[in-house]
Amino acid sequence: MLTIKDLCASVEDKEIIRQLSLEVKPGEIHAIMGPNGAGKSTLGNVLSGRPGYEATAGTVTFKEMDLLDLDPEIRAREGLFLAFQYPVEIPGVSNMELLKAAVDARRTHAGQEEISAIDFMKMAREACKSVGLDQSFLKRGVNEGFSGGEKKRNEIMQMMLMEPTLCILDETDSGLDIDALQVVARGVNAMRSEERSFIVVTHYQRLLDFIVPDYVHVLANGRIVKSGDKSLALELEAKGYSWLEDEVA
Amino acid sequence: MSEQVEELIKKEYAAGFHTDIESETLPPGLNEDVIRFISAKKNEPEWMLEWRLKAYKVWQSMEEPSWAHVHYPEIDFQAVSYFSAPKSLEDRPKSLDEVDPDLIETYNKLGIPLHEQEMLAGVAVDAVFDSVSVVTTFREKLEEAGVIFCPISEAVHRFPELVKKYLGTVVPQRDNYYAALNSAVFSDGSFVYIPKGVRCPMELSTYFRINQMNTGQFERTLIIADEGSHVSYLEGCTAPQRDENQLHAAVVELIALDNAEIKYSTVQNWYPGDENGKGGIYNFVTKRGICHQRAKISWTQVETGSAVTWKYPSCILKGDHSIGEFYSVALTNNYQQADTGTKMIHLGKNTKSTIISKGISAGRSQNAYRGLVRMGSSASGARNFTQCDSLLIGDRCGAHTFPYIESAHPSAIVEHEATTSKVSDDQMFLCQQRGLDPEKAVSMIVNGFCREVFKQLPMEFAVEAGKLLEVSLEGSVG
Ligand SMILES: Nc1ncnc2c1ncn2[C@@H]1O[C@H](COP(=O)(O)OP(=O)(O)OP(=O)(O)O)[C@@H](O)[C@H]1O
Ligand SMILES: [Mg+2]
């Protein structure tokens, strides 16, 4: 699915990701934890092709393609989805309008017909319901005046509609109340399949009680300093990150 | 036809010009004889000719204004041709294959059906196509309701009293340089009269106006809504319109008598020039309406075309409790320049006006909003709300806001809000991360920005306007 080899990346000429390697197989869930400023969001940005985030060395292969060679919208159409840590508002553009365009972009890329407005509405209503958002959110401007939690639910709704193959969730659990946390977890678990993989960035092991990862990685200073299974998250919860930094040094 | 005109024709066309009165174009230049010629061609009554000649004198005494935030090479008014008859069938393209492929491509992007493309591109079709019968039913329905909708040249003959009574009353000849010029040489345009208490049964669209070829240059429109009547008028279309005449100076006058309501929607898409700013239409328009007691005039405009736009649809709120509205989207790209806005002149008591202006600048264009709100000394309890938003795409363009507020009444309230924003990288990336290419992303963001104004447009116009923005923004990112 995704193979990252010795990836280095910088933002504004500052190196943030340093020789990072990671292998994600179909159906797997990888959790990434690590201190603030470690480079977790940067990794998501580089993978999704955000302008300004430049890969300077290494390779990334996604579904046998050279990912770094693709425009960001092509990566999205190929099935790479990023749930943003800070979703941005687009005033006046309805959620529905953006999502229909998004779904159609993905479908036409795959050689399918555009979805009919009626079918889309059905799907969108379903998705709304399953993340606990009122139907009226479909008509509202993208993230316009949404609360923090509503923005995050909205990201999960988008993920459901786009049916991606690789989902990167950047702190989707931050700022969520306990019910919303379960909503997000349920959404991810419902989408979990043999062909779909997840990279879940989080600060809280609590989320991993609901979304059980196959691997947990610790990212510090731009590289993965430790990998393990779910128990690593528990250990981190108990001990923090400093012992790892000592270990690495 | 007068002898003088015959003389003129002989003189001007001696050197092998077509002397066929049905199909010629006047050589460039403006003088009294030219005006007589135009009037004679239209077989106008004496009073109309006198009116034109008076306007010409006024125009000669005036100077071209230079206060607008636009720059263009000096116009040589003697190098402009002031009359051109419709092209004869032989001169027109025989099929769409003979039409500029760029134009056809744009038509296709806008989703304009083939037979309409033929009409727009001026293809000489003799086959009776659908729209002819549409026009006929349309006219019949209007007649039943007692609504008059015809070319103004026809109204001069059929309804001289109405024309005499109202022409030039809202936009006087000496109002401004271009209005004076238009009054002297106007080509044709619409005349609308809605009788007392009648609600016009359909949207009146210039699309249905017979005789619309080649009238764009000095168009003159007069709309009279009698007491308690109601009309919605649509001007222009989204298809790009080319014209050999670079200088355009239209005048539109609206009269809303007591309790009447006029909604005037425009989509303006004259050729803006190429991506280097070459060619393109100079559009100097004077549009104004007068509201009597409890009357309402609402202007909605979507301006995407022209190289230079100079346009301020305005309302004179004369009657007590009357309402004026102005909703505008003005988009400029490449080297386009627009100086547009409105004037709300509050004279009556408890008059109300709303101004929502959305300016979008891309490329190297310049986009200015210029608005005047004047509260007269008798306008007690008058209110205005103005919201003026600018959106920038890229960093080589400019947005400017020039609000003028004059309040002579202490109880009048004027509110003004203005914002300037950019299409942010974060918004662009969000769209791209959802699979949209950058052009689609920009057009979606811009459409969202304009939503408040598009909501005011009649349904099908609103959809087309959205597509139009998309096409007009091409090449603005990347
Ligand atoms: N656009 C940017 N401009 C400048 N510096 C940036 C930019 N994006 C990231 N950085 C820097 O890169 C480093 C890593 O940031 P990143 O957002 O990837 O951290 P993170 O691991 O996601 O942290 P957090 O847990 O706080 O979300 C930080 O020092 C940050 O300031
Ligand atoms: Mg982060």
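First the proteins, then the strands, lettered A, B, ... as listed; each starts at 1. Predicted, not measured: the structure shown is a model, and the values here were computed from it.
- Between Val142(A) and Met444(B), every side-chain heavy-atom pair lies at or beyond the 4.5 Å cut-off.
- A heavy-atom distance below 4.5 Å is found between the side chains of Gln427(B) and Pro91(A).
- When side chains are defined from C-beta on, Gln433(B) counts as touching Leu80(A), because their heavy atoms get closer than 4.5 Å.
- Interface remark: Tyr86(A) contributes no atoms to any contact with chain B (heavy atom separation under 4.5 Å).
- Within 6.0 Å of the NZ atom in Lys63(A), the count of heavy atoms belonging to other residues, nucleotides or ligands exceeds 12.
- Around atom CD of Glu194(A), no more than 12 heavy atoms belonging to other residues, nucleotides or ligands sit under 6.0 Å away.
- The two atoms that bring Arg434(B) and Gln158(A) nearest to each other are NE-OE1, 2.5 Å, heavy atoms only.
- Two residues are said to be in side-chain contact when any heavy atoms from C-beta on lie closer than 4.5 Å; Cys431(B) and Glu73(A) fail this criterion.
- Between the OG atom of Ser48(A) and the CD atom of Gln432(B) there is a distance of 10.0 Å, given to the nearest 0.5 Å.
- Within 6.0 Å of atom NZ in Lys352(B), 12 or fewer heavy atoms from other residues, nucleotides or ligands are found, so the atom counts as exposed in its surroundings.
- Interatomic distance, CG of Leu436(B) versus CZ of Arg77(A), reported as 7.5 Å (0.5 Å rounding).
- Proximity to chain A involves both the backbone and the side chain of Asp426(B), based on heavy atoms less than 4.5 angstrom apart.
- Looking at Leu430(B) and Ile90(A), their side chains come closer than 4.5 Å, going by heavy atoms from C-beta outward.
- Scanning all heavy atoms of the two residues, the minimum distance from Gly435(B) to Ala105(A) falls at O-CB, 3.3 Å.
- Looking at Lys440(B) and Glu97(A), no side-chain N of the basic residue comes within less than 4.0 Å of a carboxylate O on the acidic one, giving no salt bridge.
- Counting non-hydrogen atoms of neighbouring residues, nucleotides and ligands closer than 6.0 angstrom, the CZ atom of Arg107(A) exceeds 12 such neighbours.
- Open room surrounds CG on Asp13(A); 12 or fewer heavy atoms of other groups in view lie less than 6.0 Å from it.
- In Asn189(A), the CG atom is crowded: over 12 heavy atoms of neighbouring residues, nucleotides or ligands sit closer than 6.0 Å.
- Neither the backbone nor the side chain of Arg106(A) comes within contact range of chain B, judged by heavy atoms closer than 4.5 Å.
- Tyr53(A) contributes atom OH, which lies 9.0 Å from atom CZ of Phe429(B) (distance to the nearest 0.5 angstrom).
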